[in-house]
2 protein chains.
Amino acid sequence: MKMEDIARLAGVSKATVSRVINSPEQVSPQLVSRVEQVLKETGYAPNLLARELVTKQTHLIGVVVPQIGIDTFAEMIEGITHVLNQNGYNLLLATSRDQPEEELRYFDVFRKKQVDGIISFPTLLLERHQTFFARSGLPLVLVSQLDPGGTVPSVLYDDFNGTRDMVEYLLALGHRRIAYLGVGQHNKVIDQARREGYLAALSRHGVAPEERLMTQGDFSLQYGYRAMQTVWQSEGEKPTAVFAATDRLALAAIQYLREQGCSVPEDVSVAGLDDMDIAATVHPSLTTVHYDYYNSGVQAAELLLLRMRRPQERLENIMIGYQRKERGSTCAVKK
Amino acid sequence: MKMEDIARLAGVSKATVSRVINSPEQVSPQLVSRVEQVLKETGYAPNLLARELVTKQTHLIGVVVPQIGIDTFAEMIEGITHVLNQNGYNLLLATSRDQPEEELRYFDVFRKKQVDGIISFPTLLLERHQTFFARSGLPLVLVSQLDPGGTVPSVLYDDFNGTRDMVEYLLALGHRRIAYLGVGQHNKVIDQARREGYLAALSRHGVAPEERLMTQGDFSLQYGYRAMQTVWQSEGEKPTAVFAATDRLALAAIQYLREQGCSVPEDVSVAGLDDMDIAATVHPSLTTVHYDYYNSGVQAAELLLLRMRRPQERLENIMIGYQRKERGSTCAVKK
DNA sequence: ATGAAAGCGCTAACAT
DNA sequence: ATGTTAGCGCTTTCAT
């Protein structure tokens, strides 16, 4: 069923049907109701591909994230989806599985699909990203990372200060040997700011970092467990506290420590970062750094909407703040 | 930059450019390389809208889920995405927020966008769903729910038996007063099978269900906490065990019990359902019913692919099995 | 206010 | 093997 059929059934021209659908105020009331009648009866659905080919607006936004199954990403996508849908946009979702090439491949698909804009959570920015940013002419927003070229606006997490703050908190509790469980292997950028925050806190308090207390891996619980094990079995005095770059790692670390007959927080304090919703529910409740990931998605979507409406306007990056949550998995070091 | 421009630059016709892109074997090697040269230099990206308008294939699959931020949904979407991307399809993602009307609205958008197929995790099937299934002519797959009309294939979770099995396990441990924390308020269908499984187990062992021990709510931790509280404060003897319809509810219930000075599992056993990945990591580790949600997404996507390739073939529903995981949050009832 | 016709960028049948 | 041409289903001038 196409527009021409509707036109014939209503005894009008294609153009009139199109007007009834898109700008009924331009058509006489009688014809409007006559056409609408037919529209109802037939259950006509306009072919948006055809419309979009003409109008050059697809109301489609391409979104790339490393994964979906991780709470923080899922929350963020939920925020993006909400705002975008609210504004009449649909989202084309893809996962890069931590591979920058995959991400670029999707950028290309998005471009061919004529998306109106792109939101991306990059793993690692390659030179080809820059080329794409410069050439595509598409409205873009980055999450969690800065565009070295300075043309694409970003939504950033204040990981450096969040981590520094938490580690200083541990230092204030009297801890000196503080382990760092990172995620650097897969996602360098996510790890970097946290690692630097950790080091900054130590240096500020005159504590020398020890390689054996620092690990890097991925987001998995298995890795968190093994990382804690590696640290725990390393030569030298045991750490009295652990900062994990994500809550999941922290949870896995606590599990390992518990199995070693070591209780948290009495023997070892453990702090995470993310504040996933169950962090306050489990026991011991997790001391962690809270970020509003849902909101970060909302901000990213709104930033993109802004960019699309006023392409030339210079936009500020948005920094997502943190809150330190002191809960049950940390306490003062034993004398 | 359009195809015509490429044609001009390469000194050939539009049709030849199209052939070089879509079926180079039909073009002489010299022209292929000449055109490809130009394609490279210009960084030409074909407008897929135009192609799709002609070929009537968008390689787009519409996916609707109630939410994204819940682990189980996110895992499932990850499975869908993986298979679909692997097969050259992209996914158009929407969330219904537990509203059947929203879901139908997206079905309509999908249809207009000319998607090649739809995967939906319905909250509640209305009559209009049936109408859509019958009229749209689109390849469809349902998750977690049966099509009453019997035309749309489904991927189902064996919630009835999973729950029954787990509750029988609790009964075998000697528990008789077993609470049920349900999710029925928002998603009737998800709750129904679990509730029936619970009742079936009780009835099989001659235990009369008690209204005061059964609640219904949503997926949130807050609700799980309040539900446990309601049950705990109800008139009558305290339950010795709790079956929660999801792990999240179980975790929240454990938190409430702990705050009441009640230890799990010594005083009260608690079992969940889902086996979210941290279920084995937290303490006490959670006795639960395991489902492979990622795989359910894979199955749904493959079922849809099958349906799209052979539209008339009658397809069997797929049942996702369960595994009972006996862990630390349950034990035999105290004598 | 309405209709006729051109055109969006591509594919595919047909002709050469 | 290559080019010409007619659509795909819509929107949007431009006439009337």
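Chain letters run A, B, ... following the sequence lines, proteins first and then strands; every chain starts at 1.
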With a 4.0 angstrom cut-off to heavy atoms of chain A, pull out the first and last contacting nucleotide of DNA chain D, in 5'-to-3' order. D:dC8 to D:dT13
According to side-chain contact (heavy atoms from CB on, under 4.5 Å), who are the partners of A:Asp159, at least two apart in sequence or on a separate chain? A:Tyr157, A:Ala193, A:Arg194, A:Leu273, A:Tyr291
For B:Asp191, which residues count as a salt bridge (charged side-chain N to carboxylate O under 4.0 Å, His left out) partner, sequence neighbours excluded? B:Arg195
With A:Arg128, which residues qualify under salt bridge (charged side-chain N to carboxylate O under 4.0 Å, His left out), at least two apart? none
Testing the 3.5 Å rule here: is there a donor-acceptor pair between the side chains of A:Ser28 and A:Gln30? yes
Going 5' to 3' along DNA chain C, which nucleotides are the first and last within contact of chain A (any atom under 4.0 Å from a heavy atom)? C:dA1 to C:dG9
Check the surroundings of atom CD in A:Glu25: do more than 12 heavy atoms from other residues, nucleotides or ligands lie under 6.0 Å from it? yes
Can you pull out every salt bridge (charged side-chain N to carboxylate O under 4.0 Å, His left out) where at least one residue sits in residues 100-110 of chain A? Sequence neighbours excluded, please. A:Glu102-A:Arg105, A:Asp108-A:Arg111, A:Asp108-A:Lys112
Using five pairs at each end of the helix from C:dA1-D:dT16 to C:dT16-D:dA1 to define an axis, what is the angle between those two axes, to 10°? 40°
As a quick check of understanding, evaluate side chain to side chain donor-acceptor pair (under 3.5 Å) for B:Asp147 and B:Thr151, giving each step before the final call. CA-CA 7 Å; B:Asp147 166 28; B:Thr151 59; 3.1 Å; yes
For B:Lys113, check salt bridge (charged side-chain N to carboxylate O under 4.0 Å, His left out) against everything at least two apart and list the hits. A:Glu52
Residues 2-9 of chain A, side-chain donor-acceptor partners within the protein, below 3.5 Å, at least two apart:
{"from": "A:Asp5", "atom 1": "OD1", "to": "A:Arg8", "atom 2": "NH2", "distance (Å)": "2.7"}
{"from": "A:Asp5", "atom 1": "OD2", "to": "A:Lys2", "atom 2": "N", "distance (Å)": "2.8"}

Counting only heavy atoms and a strict 4.0 angstrom limit, can you tell me which residues of residues 2-15 of chain A come near DNA chain C? A:Val12, A:Ser13, A:Ala15
Hey, can you pull the residues of residues 41-49 of chain A with a non-hydrogen atom under 4.0 angstrom from DNA chain C? none
Close residues, residues 21-29 of chain A, relative to DNA chain C [heavy-atom separation under 4.0 Å]: A:Gln26, A:Val27, A:Ser28
What is the nucleic acid contact for A:Thr16, judged by heavy atoms within less than 4.0 Å: base, sugar-phosphate only, or nothing? sugar-phosphate
